Amino acid sequence: MRQPSQIPFDLSPSPSLARDDLVVGEGNALAVGAVDAWPNWPHPVLFVVGPVGSGKTHLATAWAEGADATPYRPGEAAADLISRTPFAALVEDVDRAGFDETELFQLLNAARLGGGTVLLTSRVPASALPFRLPDLLSRLRAATVAELRAPDEMLLSGVLMKLAADRQIELDPRLIDYAVTRMERSLDAAADLIRRLDLEALASKERISRTLLQRILSEMEEEKARQS
């Protein structure tokens with residue numbers, strides 16, 4: 001039986017959300033290209049849609065840093081942001097409850113009239129959003145859409161290698177190949193896997209082997225099953 005181990009504090013830095021650290025693959029290349037075209041977007045509103053773990057936060061955060069964009073959050077009035085012409089605004093997770101429809105419309109309408117640019121992220125397309133205000137829905141449906149797909153094996157491999165390098169972990173490419181065919185297709189899951197491998201290897205004084213990798217993957221799968 002495996003001896004219990006004391007998990008050390010995770011003092012490693014969080015994964016970088018800088019543009020230069022964004023791994024580009026087939027599943028996100030078009031969306032990355034659309035965002036990178038700023039400020040020369042064909043439409044002042046860009047709607048980035050993709051499932052959980054597809055990289056929306058990384059892409060949006062990188063854009064916001066480069067564009068010096070201001071986050072627009074539920075409950076905030078749009079007037080202050082709109083007054084900073086030309087403004088750049090980031091609206092994350094617009095599919096979640098809490099946004100005032102009238103305020104959000106004012107923000108998007110100001111962008112459409114030339115006052116600035118807005119990047120929105122969502123897990124669902126505009127047609128599936130829970131809004132009722134016709135003018136707001138019209139502005140959202142007119143936006144340029146950039147779709148992010150769940151990461152394919154090539155992109156997931158690149159992300160795992162990048163995350164491992166960030167933690168100064170040497171991972172055998174064969175272990176990466178093994179992991180990507182068995183893990184959840186999610187960038188969040190990739191970050192969690194590397195974090196767990198690092199901490200468990202430090203705590204148990206084990207090298208990162210297939211046995212350790214199998215154990216961590218099984219634990220993650222069991223946790224996901226309990227949560228579903």
Side-chain angles (χ1 to χ4, degrees), residues 13-24 28-148 159 162 166 186-188 191:
S14 299
S16 171
L17 298 181
R19 173 62 183 86
D20 289 345
D21 292 314
L22 181 64
V23 180
V24 181
N28 66 356
L30 291 178
V32 171
V35 172
D36 280 350
W38 185 90
N40 300 312
W41 288 350
H43 190 280
V45 179
L46 181 62
F47 190 90
V48 178
V49 59
V52 173
S54 59
K56 296 187 298 297
T57 295
H58 192 159
L59 187 57
T61 301
W63 172 78
E65 182 177 346
D68 194 21
T70 302
Y72 175 73
R73 300 181 176 90
E76 294 182 346
D80 290 343
L81 202 160
I82 291 171
S83 67
R84 308 170 199 169
T85 305
F87 64 85
L90 171 61
V91 185
E92 289 198 85
D93 303 319
V94 72
D95 52 311
R96 298 179 185 176
F99 284 97
D100 182 285
E101 296 189 28
T102 300
E103 294 290 341
L104 188 55
F105 165 72
Q106 290 178 1
L107 178 65
L108 300 185
N109 196 52
R112 187 186 71 87
L113 294 175
T117 49
V118 181
L119 187 149
L120 306 102
T121 68
S122 173
R123 295 167 297 176
V124 299
S127 59
L129 290 172
F131 300 136
R132 295 291 179 267
L133 188 65
D135 287 342
L136 173 58
L137 292 171
S138 175
R139 296 294 179 271
L140 288 167
R141 290 166 181 163
T144 300
V145 176
E147 184 177 358
L148 285 166
V159 169
K162 174 64 176 61
D166 288 344
S186 158
L187 301 187
D188 293 340

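This chain uses plain numbering: 1 for the first residue, then up along the sequence. Since the structure is predicted, the reported quantities are computational estimates derived from the model, not experimental observations.
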If you take all heavy atoms of [X] and [Y], which pair is closest and at what distance?
{"X": "Pro74", "Y": "Gly98", "value": "CB-O, 3.2 Å"}
{"X": "Pro44", "Y": "Gly116", "value": "CB-O, 3.5 Å"}
{"X": "Val24", "Y": "Ala29", "value": "CG1-CA, 3.8 Å"}
{"X": "Phe87", "Y": "Ala111", "value": "CZ-N, 3.8 Å"}
{"X": "Ala88", "Y": "Ala67", "value": "CB-O, 3.9 Å"}
{"X": "Arg141", "Y": "Ala126", "value": "CG-CB, 4.3 Å"}

Separation between [atom1] of [X] and [atom2] of [Y], rounded to the nearest 0.5 Å:
{"X": "Glu101", "Y": "Leu140", "atom1": "CD", "atom2": "CG", "result": "9.5 Å"}
{"X": "Arg112", "Y": "Phe105", "atom1": "CZ", "atom2": "CZ", "result": "7.5 Å"}
{"X": "Glu147", "Y": "Asn28", "atom1": "CD", "atom2": "CG", "result": "12.0 Å"}
{"X": "Thr57", "Y": "Asp188", "atom1": "OG1", "atom2": "CG", "result": "7.5 Å"}
{"X": "Glu76", "Y": "Asp100", "atom1": "CD", "atom2": "CG", "result": "11.5 Å"}
{"X": "Arg139", "Y": "Leu107", "atom1": "CZ", "atom2": "CG", "result": "12.0 Å"}

With a 3.5 Å distance limit and no angle check, can you tell me whether [X] reaches the backbone of [Y] through a side-chain donor-acceptor pair?
{"X": "Lys56", "Y": "Val48", "result": "no"}
{"X": "Glu92", "Y": "Thr121", "result": "no"}
{"X": "Asp135", "Y": "Gln106", "result": "no"}

Non-hydrogen side-chain atoms of [X] and [Y] separated by less than 4.5 Å:
{"X": "Leu90", "Y": "Trp63", "result": "yes"}
{"X": "Leu104", "Y": "Val94", "result": "yes"}
{"X": "Val49", "Y": "Phe47", "result": "yes"}
{"X": "Ile82", "Y": "Tyr72", "result": "no"}

Residue of the set Asp93, Leu108, Leu46, Leu129 for which side-chain contact (heavy atoms from CB on, under 4.5 Å) holds with Leu120:
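With Leu120 as partner, side-chain contact (heavy atoms from CB on, under 4.5 Å) holds for just one option, Leu108.
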Within a radius of less than 6.0 Å around CG of Leu30, do more than 12 heavy atoms belonging to other residues, nucleotides or ligands occur?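 Open: at most 12 neighbouring heavy atoms sit under 6.0 Å from CG of Leu30.
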Working note: Thr117 + Trp38, criterion side-chain hydrogen bond (donor to acceptor under 3.5 Å, both in side chains); need CA distance, chi angles, decisive distance, verdict. CA-CA 9 Å; Thr117 49; Trp38 185 90; 3.0 Å; yes
